[in-house]
Asks: 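So that we are looking at the same thing, I have put the structure below in C-alpha cells.
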Amino acid sequence: MSRQARIESDIVVKNADTLKEAVELTCKELGAVKIKSIRYYAGKVEAGIKMGNAEVGIVVDSDGKLSFVGEDYTLNSEAGQKIRQALVKNYKSLSFVNIFNRMGYKTTLTQGVKNFVMGVRA
C-alpha cells in the first residue's frame with residue numbers, strides 16, 4: 001500500500017515556460033525521463049520526472065507555489081531528493097538568466113556535465 005505525499009518548495013512559478021525548461025534540463029542532467037502522470041497519484045501534474053524506479057510529480061498550485069508529489073518513500077528517497085534539488089536549482093538558474101535578459105543584458109548559459117557556467121555582459 002502506498003501513501004501519497006506532497007512536499008512544498010519555496011518557489012513561486014511566474015513563468016510556465018521556465019518550469020518546462022527546468023524539467024527538460026533536470027532530465028538531461030540526471031539521465032532521467034519526463035513523464036505525463038505519476039503512478040499512484042490521482043491528481044493532475046504539470047510534469048513528472050522518472051529516474052530509475054523513482055517518480056516525482058511537479059504541481060503548481062493556484063497561488064503559483066511549486067510542490068512535488070508522489071509516494072512518500074519515493075519523494076524522500078535518495079533519487080527523489082536528487083530530482084527535487086536539481087529541479088529547484090535549475091529553475092532558479094534559468095529564472096536568474098531570464099531576469100538579466102529582460103533587463104537588457106546579454107547572457108549565456110552553457111551546461112557542462114555537472115555544472116553551469118553563466119555569464120552576463122553589459
Side-chain angles (χ1 to χ4, degrees):
M1 184 168 155
S2 66
R3 293 185 341 196
Q4 293 181 7
R6 179 183 199 100
I7 298 176
E8 291 184 357
S9 70
D10 61 344
I11 293 176
V12 176
V13 176
K14 303 275 186 189
N15 187 341
D17 292 334
T18 304
L19 180 61
K20 289 177 186 175
E21 288 179 51
V23 169
E24 295 292 332
L25 195 56
T26 301
C27 289
K28 189 183 295 186
E29 180 181 317
L30 298 176
V33 293
K34 183 179 174 183
I35 55 177
K36 294 183 181 182
S37 63
I38 302 300
R39 189 175 24 168
Y40 307 121
Y41 182 75
K44 181 183 178 291
V45 295
E46 299 295 321
I49 298 175
K50 181 175 182 178
M51 186 171 82
N53 290 329
E55 293 181 1
V56 175
I58 299 139
V59 176
V60 178
D61 297 331
S62 59
D63 61 352
K65 197 85 157 161
L66 180 72
S67 298
F68 299 98
V69 295
E71 295 178 286
D72 60 346
Y73 73 90
T74 301
L75 289 176
N76 294 311
S77 70
E78 184 178 337
Q81 289 177 358
K82 281 183 181 180
I83 292 169
R84 291 191 339 253
Q85 290 170 352
L87 183 74
V88 167
K89 175 189 63 126
N90 290 335
Y91 182 81
K92 287 180 178 181
S93 297
L94 290 170
S95 294
F96 186 70
V97 169
N98 288 338
I99 288 170
F100 274 113
N101 286 339
R102 279 189 250 132
M103 291 172 56
Y105 292 97
K106 181 179 179 189
T107 59
T108 57
L109 175 67
T110 55
Q111 180 188 6
V113 175
K114 294 261 182 179
N115 60 349
F116 290 103
V117 177
M118 290 191 290
V120 178
R121 190 176 303 187

Asks: Please find the pair of heavy atoms, one from Ala54 and one from Ala79, that lie closest to each other, and give the distance.
Replies: CB-CB, 3.8 Å
Asks: What is the distance from atom CG of Leu87 to atom CZ of Phe68, rounded to the nearest 0.5 Å?
Replies: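 Reported to 0.5 Å precision, the distance equals 4.5 Å.
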Asks: Verify the cluster assignment for Val56 and Met51: are they in a single hydrophobic cluster under the rule of side-chain heavy atoms below 4.5 Å apart?
Replies: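 The answer is yes; both residues are in one hydrophobic cluster.
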Asks: Rounded to the nearest 0.5 Å, what separates atom CD in Gln85 from atom CD in Gln81?
Replies: 6.0 Å
Asks: Once rounded to the nearest 0.5 Å, what's the spacing between atom NZ of Lys34 and atom NZ of Lys36?
Replies: 8.5 Å
Asks: For the OG atom of Ser77 and the NZ atom of Lys82, what is their distance to the nearest 0.5 Å?
Replies: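 Result: 10.0 Å between the selected atoms.
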Asks: Is the backbone N or O of Asp63 less than 3.5 Å from a side-chain atom of Asp61, with the two atoms forming a donor-acceptor pair by type?
Replies: no
Asks: Which of these passes side chain to side chain contact (heavy atoms under 4.5 Å, CB included) with Glu55: Leu75, Val69, Val33, Ile38?
Replies: Ile38
Asks: Measure across Gly57 and Val45 and return the closest heavy-atom pair with its distance rounded to 0.1 Å.
Replies: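 Result for this residue pair: CA-CG1, 4.2 Å.
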Asks: Is there a donor-acceptor pair closer than 3.5 Å between any side-chain N or O of Ser67 and the backbone N or O of Arg6?
Replies: no
Asks: Quick one: pull up CD1 in Ile49 and CD1 in Ile83 and give me the separation to the nearest 0.5 Å.
Replies: 6.0 Å
Asks: Asn76 and Ile7: side chain to side chain contact (heavy atoms under 4.5 Å, CB included), yes or no, with the steps?
Replies: CA-CA 9 Å; Asn76 294 311; Ile7 298 176; 3.8 Å; yes
Asks: For the atom pair OH (Tyr91) and CD (Glu21), what is the distance rounded to the nearest 0.5 Å?
Replies: 10.5 Å
Asks: Please report the shortest heavy-atom distance between Ala86 and Leu30, naming the atom on each side.
Replies: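 Minimum heavy-atom separation between Ala86 and Leu30: CB-CD1, 4.0 Å.
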Asks: With no hydrogens and no angle check, is any side-chain donor or acceptor of Ser95 less than 3.5 Å from a backbone partner on Lys92?
Replies: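 Not confirmed, Ser95 side chain does not pair with Lys92 backbone.
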Asks: Are Val88 and Val59 co-members of a hydrophobic cluster defined by side-chain heavy atoms under 4.5 Å apart?
Replies: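 No.
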Asks: Only one of Asn90, Ile11, Ile58 clears side chain to side chain contact (heavy atoms under 4.5 Å, CB included) with Leu19; which?
Replies: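 With Leu19 as partner, side chain to side chain contact (heavy atoms under 4.5 Å, CB included) holds for just one option, Ile58.
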